[in-house]
Amino acid sequence: MTEQQQGIFPAVCPLDCPDQCGLLLHKQDGKIVKIEGDPDHPVTQGAICNKVRNMTARIYDDKRLQYPMKRVGPKGEESRFERISWDEALEIITARWKELIDKEGPESILPYSFYGNMGRIGTEGMDRRFFHRMGASRLMYAICEAAGTEGYKYTMGGSYGTDPEETVHTKLFIMWGINAVSTNMHQVMLAEKARKNGAQIIVIDAHKNHTGRWADWFIPILPGTDAALALGIMHILFAENLTDQAFLEQYTVGHEELREHVKQYDPANVAAITGVPVEDIYRLARLYGQTSPSFIRIGNGIQHHDNGGMCVRTIACLPALTGQWLHQGGGAIKGNGSHLEHNIPALQRPDLRSEPARQINMNLLGSALLELDPPIHALYVYNSNPALVAPHANKVKEGLEREDLFTVVHDLFLTETAKYADIVLPATSSFENTDFYRSYWHHYVHLQLPVIAPYGESKANVDVFRLLAEKMGYEEEALKDSDEDMVRQALDHPGNPALANITYEALVDKGFMKAAVKPLFSGELRTPSGKIELYSAEMASKGYPALPTYIPLPQESELPFMFIPAPNHNFLNSTFAHNEKHVRMEKIPKLHMHEDDAAALGLINGELARVWNERGECELTVIIGQDVRRGVVVSQGLWADSPGSKTRVNVLTPDRVADMGGGATFFSGRVGVEKL
Ligand SMILES: Nc1nc2c(c(=O)[nH]1)N[C@H]1C(S)=C(S)[C@@H](COP(=O)(O)OP(=O)(O)OC[C@H]3O[C@@H](n4cnc5c(=O)[nH]c(N)nc54)[C@H](O)[C@@H]3O)O[C@H]1N2
Ligand SMILES: Nc1nc2c(c(=O)[nH]1)N[C@H]1C(S)=C(S)[C@@H](COP(=O)(O)OP(=O)(O)OC[C@H]3O[C@@H](n4cnc5c(=O)[nH]c(N)nc54)[C@H](O)[C@@H]3O)O[C@H]1N2
Ligand code: SF4
Ligand SMILES: [Mo]
């Protein structure tokens with residue numbers, strides 16, 4: 001840690017947000033007193049969101065955990081905890097684990113984590129090494145972008161998209177299923193620059209939220225039907241000769257098959273499926289076919305559905321039809337993670353695992369805890385708050401309530417999940433740790449060095465796993481590596497020349513560096529054919545349609561409303577849901593509903609409604625208007641419980657798994673709504 005007690009220190013935002021902003025931390029008397037954007041960061045340019053501008057309130061929140069604790073009351077809401085020492089905590093944990101490994105085998109232990117903090121050595125470094133060495137059950141990290149990432153990969157060979165900095169040259173933006181004003185604000189800033197040079201902005205969404213209101217043209221669509229709209233656009237592009245034939249011939253596979261295939265998606269059909277009027281489908285297709293450069297920002301919203309993988313796979317074909325990948329600022333971004341890929345085997349060391357182990361989809365945590373055979377007897381949760389974020393929350397809760405389940409939670413706060421823990425461990429914030437970060441949207445890699453001392457007795461993930469390894473008696477050198485060793489190992493990646501100049505030293509010197517990603521489209525992709533695969537033999541071999549296809553959502557019940565429980569503006573998933581300042585900014589948990597639906601139910605604006613289905617119920621305040629279609633209701637944010645409140649929207653979400661990647665289907669559920 002820097003010994004300086006005053007000054008301004010460079011930092012990176014640790015949150016699971018594509019923007020990964022450069023920050024400046026103002027420190028006085030050893031404490032961070034102000035967080036602002038780093039004006040020298042080329043992408044984020046000094047602008048940051050309100051969430052992080054107010055994050056000092058979270059770092060020094062008096063509810064922050066300061067020392068390890070053990071549970072002394074029953075599991076759950078009422079749970080009471082007692083302070084213990086780190087030694088005692090580590091002893092209790094490892095004694096229990098050793099006993100389980102002896103009696104039940106290591107697969108009876110399940111790690112559960114996600115990206116509460118995006119630092120790589122802390123989220124997919126020492127932890128992975130430790131659990132590989134142990135032989136624990138493996139977690140399938142499928143809660144966020146898995147379906148869309150797999151779908152995009154069939155078309156484009158990996159998470160390779162446009163460099164967002166180039167989108168200042170774009171003339172047409174299609175923000176497709178992304179609430180970018182709240183979730184990717186710097187893409188909005190870049191689009192604003194382009195707008196000054198005449199760019200148009202189209203938003204396609206199920207909800208006219210901040211982003212829809214910002215658009216030049218907002219296109220409301222029925223949830224889960226976006227693939228049909230994309231196929232309708234393709235139909236018109238081929239029919240009206242708006243495709244780039246030279247590009248299709250040189251860089252794609254299957255354009256002739258696609259031309260035939262999309263004849264069935266005539267605009268009248270597509271209008272009936274999507275709820276988008278025929279004239280609008282023509283207008284959209286022609287604008288897309290005639291404007292260059294055009295850019296599609298593919299959001300997470302469209303892939304949190306049963307058909308999400310195929311939907312993203314389909315939209316990802318569009319830029320190829322008009323040859324957009326060869327135009328500066330043209331193309332698409334679903335994610336850009338593959339451009340910056342570090343040396344994953346060197347960081348995670350899967351070779352430390354001696355036997356293959358079962359893999360458990362994190363979206364199925366409830367059933368995993370209740371139904372798996374052989375059962376899970378111990379859960380270790382870090383960087384995640386599954387009691388609030390995982391689907392089918394009542395099932396998760398029932399699983400966490402199991403008396404015979406030994407649960408450890410490592411977090412900064414006593415989260416809803418931690419209330420079910422046997423042992424709670426206090427975590428440092430990212431500004432107390434060393435780690436490297438790489439954005440999944442822009443092309444920069446950042447290094448964070450500790451700026452402040454650990455809060456209370458809190459420890460970083462990496463430190464806890466090193467201690468646990470020692471206590472388990474694991475001797476491998478990889479479990480003793482320092483933070484710096486691990487950053488070096490991860491960045492040393494001959495397989496990705498774009499990282500060649502990015503070393504630990506260079507990052508210490510510069511703070512952040514841009515990866516040397518080839519400008520524009522190189523023409524060589526990591527698909528089986530090396531080309532953009534409009535037709536995918538690989539998909540066919542896995543039982544998917546080889547060509548982009550609209551697959552209707554299964555209708556899970558007869559309940560009248562499709563329910564979209566999306567993220568909100570002032571939280572980040574459930575992060576900040578425990579912090580007063582952010583809760584105040586967000587006010588109350590709401591349910592957006594069409595005025596005609598509300599009238600039919602006798603609901604008036606601002607009234608509490610009961611929202612329910614076969615999985616659970618919650619109570620939300622209805623906001624009535626025309627921002628959603630009839631038959632669709634939208635909530636925003638993953639709210640923490642307050643006494644007596646029923647605001648956990650995930651009690652309503654399905655734990656069905658999407659078509660690809662084991663992805664979540666948060667937005668494909670149905671609910672009933674009634675006056676309370
Ligand atoms: N402020 C804030 N920022 C965040 C987060 C947060 O919680 N709060 N979370 C972070 C994380 S982890 C992620 S993954 C990203 C997610 O951010 P985004 O990529 O923006 O994804 P979502 O917000 O999940 O959904 C985006 C939009 O999809 C719409 N939608 C839902 N179903 C459909 C559909 O079938 N078709 C269409 N066209 N639209 C649909 C929703 O109404 C919503 O407006 O944001 C990150 N940034
Ligand atoms: N209904 C609905 N549910 C959703 C979504 C949705 O749109 N709608 N979005 C889904 C998506 S896209 C995602 S990505 C998931 C996100 O799910 P999670 O990754 O679980 O996200 P958070 O709720 O932010 O919880 C992260 C936790 O990690 C803790 N943490 C932060 N830093 C550290 C650290 O360094 N060490 C440790 N040990 N803990 C730390 C934080 O305090 C916080 O409690 O939620 C999913 N759930
Ligand atoms: S949450 Fe996103 S927009 Fe806000 S500071 Fe962090 S990276 Fe930037
Ligand atoms: Mo996410």
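Note that ligands are numbered from 1 as they come in the structure, with each ligand's atoms numbered from 1 the same way. Each residue takes its place number in the sequence, starting with 1. What you see is a predicted model; the values in this text were computed from it and never measured.
Salt-bridge check for E150 with R313: failed, with every basic side-chain N at 4.0 Å or more from each acidic carboxylate O. Ionic pairing of E586 and K581 is not present here: no N-O contact between side-chain nitrogen and carboxylate oxygen is shorter than 4.0 angstrom. Taking 4.0 Å as the cut-off between side-chain N and carboxylate O, R120 and D435 do not count as a salt-bridged pair. Looking at R64 and E432, a side-chain N of the basic residue comes within less than 4.0 Å of a carboxylate O on the acidic one, giving a salt bridge. Salt-bridge formation is not detected for the pair R615/D655: no Lys NZ or Arg NE/NH1/NH2 atom is positioned less than 4.0 Å from an Asp or Glu carboxylate oxygen. Electrostatic pairing of K514 and E165 counts as a salt bridge here, judged by a charged N lying under 4.0 Å from a carboxylate O.
Among all protein heavy atoms, the one lying closest to atom 26 (C) of ligand 1 is G177 O, 3.2 Å. In terms of protein heavy-atom proximity, atom 3 (N) of ligand 1 is nearest to S182 O, 3.2 Å. Residue, atom and distance of the protein heavy atom nearest to atom 25 (O) of ligand 1 are G301 CA, 3.3 Å. Looking only at heavy atoms of the protein, atom 31 (C) of ligand 1 is closest to F667 CD1, 3.5 Å. At the shortest separation from atom 33 (C) of ligand 1 among protein heavy atoms lies H305 NE2, 3.6 Å. The protein atom (non-hydrogen) at minimum distance from atom 23 (O) of ligand 1 is P567 CD, 3.1 Å.
Among N568, N307, N573, the residue whose heavy atom lies nearest to atom 2 (C) of ligand 1 is N568. Across the listed options T183, T211, L572, T183 owns the non-hydrogen atom lying nearest to atom 15 (C) of ligand 1. The heavy atom nearest to atom 30 (N) of ligand 1, considering only V632, T274, D205, N570, is found in D205.
Judged purely by distance below 3.5 Å, without hydrogens or angles, the side chains of N613 and R670 never pair a donor atom with an acceptor atom. Side-chain polar atoms of T123 and N383 form no donor-acceptor pair below 3.5 angstrom. W217 and Q200 form no side-chain donor-acceptor contact under 3.5 Å, judged by distance and modelled atom types alone. Y115 and E124 share a side-chain donor-acceptor pair at under 3.5 Å. Looking at T162 and E166, their side chains never bring a donor and an acceptor atom within 3.5 Å of each other. Checking D19 against N184 by side-chain atom types alone, a donor-acceptor pair falls below 3.5 Å.
Taking a cut-off of under 4.0 Å to the non-hydrogen atoms of G299, the atoms of ligand 1 that pass are 19 (O). Remark: ligand 1 atoms within the under-4.0 Å shell around heavy atoms of C144 are 14 (S). Of all the atoms in ligand 1, the ones that sit under 4.0 Å from a non-hydrogen atom of D16 are 10 (C), 11 (C), 12 (S), 46 (C). Here is the list of ligand 1 atoms found below 4.0 Å of a heavy atom in D226: 34 (C), 35 (O), 36 (N), 37 (C), 38 (N). For ligand 1 and F571, the ligand atoms under 4.0 Å from any heavy atom of the residue are 1 (N), 2 (C), 6 (C), 7 (O), 8 (N). The ligand atoms of ligand 1 that sit less than 4.0 angstrom from a heavy atom of I204 are 38 (N). Proximity to P223 (heavy-atom distance under 4.0 Å) selects the following atoms of ligand 1: 34 (C), 35 (O). Using a 4.0 Å cut-off to heavy atoms of G224, the atoms of ligand 1 that qualify are 34 (C), 35 (O).
Residue-level proximity to ligand 1 for I178 is carried by backbone and side chain together, each with a heavy atom below 4.0 angstrom. Contacts between Y115 and ligand 1, counted as non-hydrogen atom pairs separated by less than 4.0 Å, are absent for every part of the residue. At a heavy-atom distance under 4.0 Å, atoms from both the backbone and the side chain of N179 approach ligand 1. At a heavy-atom distance under 4.0 Å, no atom of E145 approaches ligand 1.
Distances between N or O atoms of T225 and those of ligand 1 include no value under 3.5 Å. Taking only nitrogen or oxygen atoms, main chain and side chain alike, N300 reaches within less than 3.5 Å of ligand 1. Considering backbone and side-chain N/O atoms, Y440 never comes within less than 3.5 Å of an N/O atom of ligand 1.
Contact annotation: V634 has no heavy atom less than 4.0 Å from any atom of ligand 1. The shell of residues lying under 4.0 angstrom from ligand 1, judged by heavy atoms, includes K51.
H410 has its ring centre no less than 6.0 Å from the ring centre of Y382. Aromatic ring centres of H41 and H442 lie closer together than 6.0 Å. Taking the six-membered ring for Trp and the full ring otherwise, H582 and F576 have centroids separated by under 6.0 Å. Taking the six-membered ring for Trp, H342 and F436 have ring centres closer than 6.0 Å.
Remark: K31 qualifies as a cation-pi partner of Y60 under the 6.0 Å distance and 45° angle criteria applied to the six-membered ring.
In this structure, the side chain of N579 does not engage the main chain of A57 through any donor-acceptor pair within 3.5 Å.
Across A427 and L412, no two heavy atoms sit closer than the pair O-CG, 3.4 Å.
For a distance threshold of 2.8 Å, the protein N, O or S atoms nearer than that to atom 2 (Fe) of ligand 3, listed by chain and number, are C17 SG.
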